Protein chains: 2
Amino acid sequence: MALRYALLALLTSRPMTGYDVSKQFSQSVAHVWHAPDSQIYPELNRMERDGLLESSVVPWGKKGTKKEYAVTEAGVKAFREWMDSPIEIRRQREPAYLKAAYLEWAEPGAARAELEQFRDYWTEHLAMLEATRATLVDRSHPTLASRLEHYDAAQWDRIVRYKIFAYDGLIDQARAAIAWAERGLVLVDELEGSTVD
Amino acid sequence: MALRYALLALLTSRPMTGYDVSKQFSQSVAHVWHAPDSQIYPELNRMERDGLLESSVVPWGKKGTKKEYAVTEAGVKAFREWMDSPIEIRRQREPAYLKAAYLEWAEPGAARAELEQFRDYWTEHLAMLEATRATLVDRSHPTLASRLEHYDAAQWDRIVRYKIFAYDGLIDQARAAIAWAERGLVLVDELEGSTVD
DNA sequence: TGACGCATGTAACTCGTTACATGATTCT
DNA sequence: AGAATCATGTAACGAGTTACATGCGTCA
């Protein structure tokens, strides 16, 4: 059900077509809840069926059309209720840590390659998170900008600071993952010898 | 497929019955890859069908029997191959951070309750990780002890240090999560007023 | 006119969750 | 005798992944 609320969160900023949702999603909400297009379109349809969204068909070009979704009152209510309900705890399921615990089974070269790949992924991810955080701080983030339009200027700081808080948590995680992978590389060198194999 | 390798990892320490697997699993491998019983038993059957495990029926009491699973050569090979192959990257999917980004929608009391619940879960989890880490350091962890028996004493340090490395990564994550939740509670007090509601 | 972006999905499958189901054994 | 623990699952459903399918619009 979390996907549903992630989509509602995005659509509370402004009405959007499915395509816009899928594009904007990947640049904002996906940082905390990833989902591919093939999950987004069907879910939008189900949300409309359940009365959380309503859609209007907008002409596009000469023959084309597109569907624009807007959150209904019921949708806002459902989102608020979810926000006020206790979070589900997600149990750990992280292949990198699983593998790390059994690194004595890996070839030294494979162990290094994995830790490097992990570090590089998180380094890239961190750069993206920091860039996004900067667009929140200066309020140039497009979704944030449309969101703030519904609110009194007195509320802007409050809204922005929660988003920055969320990104700060993600950034902490990314930094911790990178530091851990680097310690792992030192450990592999120490235990397996630092020769290339 | 990661569940399959998590089970192989556990069973490389010693042969076990399904029940033992499900119990030992929750005290070791589940810290990096959680799975309920209802997923474990069927997967063990599939792994036997696929030749990664072989089972022998052991009498239990007067009429009862139980099935003991041991990793086959093919199982060891499959595990090594997985260990040497690149890790799959898991994209972010964390309801706590999703909610944090939209805390302006929550009642102040609910926001506090969520952050407290999150902090408390991770605090408890951290205590368990630290306790488990200590049993690795002093080598009293039961699964580790049976695992070390297959190896030459000269290898013990290497094996143990990889496991400690994995737990250190989990402990870092837990500490980061707790610190983040605490900063969140301060933020909620600042933005929503610190009166009880 | 061809490439790229806009637009919207379906189909098949695997993985994971939740709830339920059943019986034997051992300990107190 | 009853509780706890050992033992092993199934059934139904929901969530997530991967690959594929199709056509219009716009701009160079």
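Lettering follows sequence order; numbering is per chain, from 1. Computed from a predicted model, the values in this text were never measured in an experiment.
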Give a yes/no on whether any side-chain N or O of B/R93 is located under 4.0 angstrom from OP1 or OP2 of D/dT17. yes
Does a side-chain heavy-atom distance below 4.5 Å link B/E107 with B/E192? no
Which atom names give the shortest non-hydrogen contact between A/V188 and A/P108, and what distance separates them? CG1-O, 4.2 Å
Of A/L3 and A/G61, whose nearest nucleotide on DNA chain D comes first from the 5' end? A/L3
Protein-nucleotide distance (B/R46, atom CZ; D/dT8, atom C1'), rounded to Å: 14 Å
Test side-chain contact (heavy atoms from CB on, under 4.5 Å) on B/M83 and B/R80; report intermediate values, then the result. CA-CA 5 Å; B/M83 283 300 305; B/R80 272 192 219 281; 5.5 Å; no
Rounded distance (Å) that lies between atom C1' of D/dT26 and atom NZ of A/K62: 10 Å
May I have the step-by-step check of side-chain contact (heavy atoms from CB on, under 4.5 Å) for A/E124 and A/D120, ending in yes or no? CA-CA 6 Å; A/E124 218 177 296; A/D120 294 348; 5.8 Å; no
Between B/W180 and A/F165, does the ring centre distance come in under 6.0 Å? yes
Calculate the interatomic distance between B/L7 atom CG and C/dC15 atom P; express it in whole Å. 12 Å
Under 4.0 Å: is that the gap between some side-chain N or O of A/R90 and OP1 or OP2 of C/dT17? no
Between C/dG16 (P) and A/E94 (CD): distance, integer Å: 13 Å
Looking only at the side chain of A/K63 (C-beta and beyond, no hydrogens), which of the listed nucleotides D/dG16, C/dT17, D/dC24 gets closest? D/dC24
Interatomic distance where CE belongs to B/M47 and P belongs to D/dT8 [whole Å]: 15 Å
Cation-pi between A/K99 and B/W82: NZ/CZ under 6.0 Å from ring centre and within 45° of the ring axis? yes
B/Q39 CD to C/dA19 P: how many Å, rounded? 16 Å
Please state how far atom CE in B/M16 lies from atom C1' in D/dT8, giving the value in whole angstrom units. 17 Å
Where do A/M47 and A/R4 come nearest, in terms of heavy atoms and distance? CE-O, 3.4 Å
End-to-end bend of the helix from C/dT1-D/dA28 to C/dT28-D/dA1 (five-pair axes, 10° rounding)? 20°
Taking the side chain as C-beta and beyond, is there a heavy-atom pair between B/F79 and B/L52 under 4.5 Å? no
Calculate the interatomic distance between A/M1 atom CE and D/dC13 atom P; express it in whole Å. 15 Å
Which letter, B, S or -, goes with each nucleotide of nucleotides 3-9 of chain C from 5' to 3', with contact meaning a protein heavy atom under 4.0 Å? --SBBBB
Heavy-atom side-chain proximity of B/L53 to B/L11 below 4.5 angstrom: yes
